[in-house]
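Working notes, beginning with the structure itself.
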2 protein chains.
Amino acid sequence: MADDESNVPKELSRSEWKVMGIVWSMQKAMAREVYTVAGEQFDWSPATVKTLLKRLVDKGYLKTTQVGNGFVYRPSRTAIASLRSAADTLLSNAIDGTTGPLLQHMVKSSSLTHDDLDELQQLIEAKKNALAKSAGNQKTGPNQKSNTQKRRGS
Amino acid sequence: MADDESNVPKELSRSEWKVMGIVWSMQKAMAREVYTVAGEQFDWSPATVKTLLKRLVDKGYLKTTQVGNGFVYRPSRTAIASLRSAADTLLSNAIDGTTGPLLQHMVKSSSLTHDDLDELQQLIEAKKNALAKSAGNQKTGPNQKSNTQKRRGS
DNA sequence: GCGGTTCGACTACATCTGTAGACGATGCAC
DNA sequence: GTGCATCGTCTACAGATGTAGTCGAACCGC
């Protein structure tokens with residue numbers, strides 16, 4: 001079996017994220033359109049964009065359909081799936097008590113819709129309940145403060 | 001001007017995060033201790049760890065104090081500060097409506113303490129209020145599906 | 001003081017990344 | 001059908017990264 005579209009896709013590099021950002025936003029794009037946007041936005045030469053498009057195809061993030069003498073590029077992975085992998089990597093770097101503060105920072109600095117906030121709220125409520133329950137049936141004494149200490153007054 | 005300790009520190013690479021993870025956990029460490037842990041955990045040769053420690057010192061993430069013929073290494077940036085930069089990078093890759101789902105995924109897949117969840121809850125509540133207020137002066141129907149918030153002309 | 005152990009510095013080298021030029025193939029306008 | 005614009009591929013090359021070997025200096029035990 002060929003692993004040309006591995007189930008464990010390679011991570012994107014900084015520049016590759018930028019190109020994918022453009023293609024994701026446009027859903028599909030001719031090379032020319034990507035050049036134009038990338039040229040304006042990042043001041044890249046078309047040659048640079050060409051290289052990146054090629055690498056993205058090789059990495060399996062873009063698929064192509066021939067049209068005329070060129071391709072239409074379109075994403076083969078969704079933005080959110082890719083972001084999730086990147087998020088997992090980030091989370092895997094968080095040591096002991098840092099995950100909470102990390103997420104707090106992210107929520108703080110993101111612009112979210114009301115709906116987004118609602119969903120988060122529900123998630124958190126659910127997690128709290130789960131926590132409470134698991135703390136309940138595991139009566140290991142009143143002082144299991146968990147590994148992550150509480151850092152008051154930072 | 002010398003930028004030996006730039007205010008915009010270089011990002012860490014995958015391997016460098018791992019080494020920093022060890023040092024952050026130990027607060028300070030002799031090379032030997034890092035070798036040992038890294039050897040067990042990642043099956044790296046001591047030479048590899050040495051190289052990474054050096055690079056981390058060069059990048060300004062570790063500072064050293066001479067002790068005997070070696071150094072004590074200790075972090076010069078906190079884990080959380082470093083995570084925050086990485087998080088900002090990640091968020092900067094999120095296009096239009098993906099930030100919400102991204103954060104949802106992260107909250108879902110993280111293990112958080114009750115306190116962490118509380119803080120998040122408060123943050124979210126605050127953000128909702130802020131949103132409501134800014135939406136208040138511009139009447140929006142019940143179906144604001146908007147991905148990017150409506151920010152008043154900055 | 002001598003020898004083994006360990007340290008940090010330097011060197012090595014393949015791969016990946018950022019950035020771009022050169023070039024042959026192809027399409028479009030006339 | 002002939003040029004010119006554009007496409008994708010190949011090549012280039014410097015810097016970053018992953019991974020590790022070599023080596024002189026310094027320490028520790030005797």
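Naming convention: chains lettered A, B, ... in sequence-line order (proteins, then strands); numbering from 1 in each chain. In this text the structure is predicted, and so the values were computed from the model without any measurement.
- For the atom pair L120(B) CG and K108(A) NZ, the distance stands at 9.5 Å (nearest 0.5 Å).
- Note: T36(A) OG1 to M30(A) CE = 11.5 Å, rounded to the nearest 0.5 Å.
- If you take CH2 of W44(A) and P of dT17(C), they are 13 Å apart, rounded to a whole angstrom.
- Distance, E11(A) CD to dC16(C) P: 14 Å, rounded to whole Å.
- Distance CG (N69(B)) to P (dG24(D)): 16 Å, rounded to an integer number of Å.
- Contacts of T48(B) with the nucleic acid, taken as non-hydrogen atoms under 4.0 Å apart, include base atoms.
- Remark: Y35(A) is not in phosphate contact with dT6(D), judged by side-chain N or O atoms under 4.0 Å from OP1 or OP2.
- Across all strands shown, F42(A) has no heavy atoms under 4.0 Å from either base or sugar-phosphate atoms.
- Distance check, rounded to the nearest 0.5 Å: OG1 of T89(B) to CH2 of W17(A) gives 11.0 Å.
- With DNA chain C read from its 5' end, the first of the two nearest nucleotides for K50(A) and G70(A) is the one closest to K50(A).
- Nearer the 5' end of DNA chain C, as judged by each residue's closest nucleotide, is the contact made by R55(A), out of R55(A) and G68(A).
- An OP1 or OP2 oxygen of dT19(D) is reached within less than 4.0 angstrom by no side-chain nitrogen or oxygen of T51(B).
- At the heavy-atom level, S13(A) lies under 4.0 Å from the strands shown only through sugar-phosphate atoms.
- Counting any heavy atom pair closer than 4.0 Å across all strands shown, K10(A) reaches sugar-phosphate atoms only and no base atom.
- M30(B) places its CE atom 12 Å from the P atom of dT6(C), with the value rounded to the nearest Å.
- Here the C1' atom of nucleotide dT19(D) and the CG atom of D43(B) are 12 Å apart, to the nearest Å.
- In this entry the distance linking CG of L52(A) with C1' of dG18(C) reads 8 Å, nearest Å.
- Cation-pi geometry between K18(A) and F42(A) is satisfied (NZ or CZ under 6.0 Å from the ring centre, within 45° of the ring normal).
- R14(B) has its CZ atom 10 Å from the P atom of dC16(C), to the nearest Å.
- Applying the 4.0 Å criterion to OP1 and OP2 of dT19(D), one finds that K54(B) has every side-chain N and O outside that range.
- Rounding to the nearest 0.5 Å places CD of E33(A) at 8.0 Å from NZ of K28(A).
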